[in-house]
Amino acid sequence: MLADTAIKFENMNKYFGAFHVLKDINLDVAKGERIVVCGPSGSGKSTLIRCVNALEKYQSGHLYVDGIELDETTSTIRKVRNHVGMCFQHFNLFPHLTALENCTLSPICTHKIPKADAEKQAMDYLAKVRMESFAHKYPSQLSGGQQQRVAIARSLCMQPDIMLFDEPTSALDPESISEVLDVMVDLAGGGMTMMCVTHEMGFARKVADRVVFMDAGEIVEVNDPEGFFANPQEERSAKFLKQII
Ligand code: ADP
Ligand code: MG
């Protein structure tokens, strides 16, 4: 495996009971690469990226994250999760904690970072997502887009090498969508390895190194954004693009 590979799927298969949800997945994601995953609802996009964070088990083939093969041992899972941050559609901030406290909880409790250091770091990341002036607000006092930006800062406070996004803007109103996408564009510019499930094709065009199109549990097409949008190679990709654009 190449030293500059961040994530490697090799003939990976996953089932939910008898249902074959991920079919023979092969994909190498280089360090610093930005991948956008798209495809129809139910095609397996969430399951694919949840496997990277060991939120889902797979049944055959291999999956390596930062050179570590994901098995089911807690020590491997813990090691891999140390490298991987994840941001979902529903941000799940702790409602009884402020934005700042949401960001410092894991660094203090899991990484045993002294409180003052954790707070300083959290303020830096809150500034990065343009939320430093809301550090002492509770989630209920923030808009959806603001909460999502705090959730991104919270993930960054664990200093991941890889960030996974699963439709982070799909529950947001239009103004909030662009706030969150702007933060993700900044992050992409900073060299973070990213796998983003999104149908925000403007974002894909702007930052993706490659677009992965999935349908019915398979990776149907991997292409650069220019090629994917202008000249999709597969009939199923072309049909999907017609529906969303
Ligand atoms: P997508 O994110 O592309 O919409 P998902 O990865 O969420 O797709 O789901 C892929 C398929 O797997 C869907 O048919 C979905 O119903 C099914 N699925 C997802 N999670 C589970 C689960 N925990 N148990 C059984 N089936 C599931
Ligand atoms: Mg999904």
Side-chain angles (χ1 to χ4, degrees), residues 7-27 29 34-63 65 70-72 77 80-81 84-93 144-145 147-148 151-152 155 160 162-173 176-177 180-181 184 187 193-204 207-208 210-223 225 228-229 232-245:
I7 306 168
K8 185 180 185 69
F9 297 88
E10 208 174 70
N11 304 115
M12 193 261 243
N13 287 277
K14 170 167 181 64
Y15 300 81
F16 285 120
F19 177 57
H20 196 173
V21 58
L22 295 177
K23 299 172 186 163
D24 215 22
I25 301 293
N26 285 287
L27 180 71
V29 180
R34 284 99 13 138
I35 301 283
V36 162
V37 183
C38 63
S41 175
S43 55
K45 306 177 299 293
S46 295
T47 307
L48 181 82
I49 67 162
R50 286 166 59 82
C51 284
V52 176
N53 209 8
L55 290 171
E56 300 287 354
K57 296 174 186 169
Y58 56 96
Q59 279 73 41
S60 71
H62 304 276
L63 172 55
V65 178
L70 259 178
D71 55 31
E72 287 166 20
I77 292 174
V80 165
R81 288 202 186 140
V84 183
M86 180 146 186
C87 188
F88 302 90
Q89 177 177 352
H90 296 288
F91 0 95
N92 302 323
L93 294 175
Q147 291 184 53
Q148 190 61 293
I152 294 172
S155 292
I162 299 169
M163 278 293 293
L164 308 174
F165 292 90
D166 192 358
E167 304 204 35
T169 59
S170 60
L172 301 177
D173 55 87
S176 294
I177 290 176
V180 171
L181 290 176
M184 290 170 63
L187 200 58
T193 306
M194 293 166 74
M195 264 186 103
C196 309
V197 177
T198 180
H199 291 160
E200 292 293 336
M201 293 299 140
F203 173 79
V207 310
R210 287 186 294 163
V211 175
V212 170
F213 173 72
M214 292 185 72
D215 189 27
E218 294 173 314
I219 293 184
V220 173
E221 177 166 349
V222 180
N223 204 338
F228 183 73
F229 293 111
Q233 297 301 297
E234 300 290 333
E235 206 174 305
R236 283 191 275 178
S237 326
K239 187 167 162 239
F240 171 76
L241 283 170
K242 272 206 199 98
Q243 284 164 355
I244 63 158
I245 292 175

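Remember, it's 1-based here, ligands and their atoms both numbered in the order they're listed. Everything numeric in this text was worked out from a predicted model, so none of it was measured. Values below: all heavy atoms of this structure, side chains included; hydrogens, waters and symmetry mates excluded.
- Because the distance cut-off is set at 2.8 Å, Ser41 fails to qualify as a neighbour of the Mg ion (ligand 2), as none of its N, O or S atoms comes that close.
- Among residue pairs with one or both ends in residues 38-47, none qualify as salt bridge (Lys or Arg N to Asp or Glu O under 4.0 Å); sequence neighbours excluded.
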Expected rows: ligand 1 N/O, protein N/O, dist below 3.5 Å:
residue: ligand 1; atom: 2 (O); partner: Ser46; partner atom: N; Å: 2.9
residue: ligand 1; atom: 2 (O); partner: Ser46; partner atom: OG; Å: 2.8
residue: ligand 1; atom: 3 (O); partner: Ser43; partner atom: N; Å: 3.1
residue: ligand 1; atom: 3 (O); partner: Ser43; partner atom: OG; Å: 3.4
residue: ligand 1; atom: 3 (O); partner: Gly44; partner atom: N; Å: 3.0
residue: ligand 1; atom: 3 (O); partner: Lys45; partner atom: N; Å: 3.0
residue: ligand 1; atom: 3 (O); partner: Lys45; partner atom: NZ; Å: 2.7
residue: ligand 1; atom: 4 (O); partner: Gly42; partner atom: N; Å: 2.7
residue: ligand 1; atom: 6 (O); partner: Thr47; partner atom: N; Å: 2.9
residue: ligand 1; atom: 6 (O); partner: Thr47; partner atom: OG1; Å: 2.5
residue: ligand 1; atom: 8 (O); partner: Gly44; partner atom: N; Å: 3.2

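- Applying the salt bridge (Lys or Arg N to Asp or Glu O under 4.0 Å) test to residues at least two apart or on different chains, the pairs with a partner in residues 13-26 are Lys14-Glu56.
- Partners of Pro225 according to the side-chain contact (heavy atoms from CB on, under 4.5 Å) rule, which considers only residues two or more places apart in sequence or in another chain, are Ala208, Val211, Phe229.
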Starting from the C-alpha separation in whole Å, work towards a yes-or-no answer on side-chain contact (heavy atoms from CB on, under 4.5 Å) for Cys38 and Met201.
CA-CA 9 Å; Cys38 63; Met201 293 299 140; 3.8 Å; yes

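- For the atom pair CG (Asn13) and NE2 (His20), the distance works out to 3.5 Å, reported to the nearest 0.5 Å.
- One distance of note links CD1 of Ile219 with CE of Met12; it measures 9.0 Å at 0.5 Å rounding.
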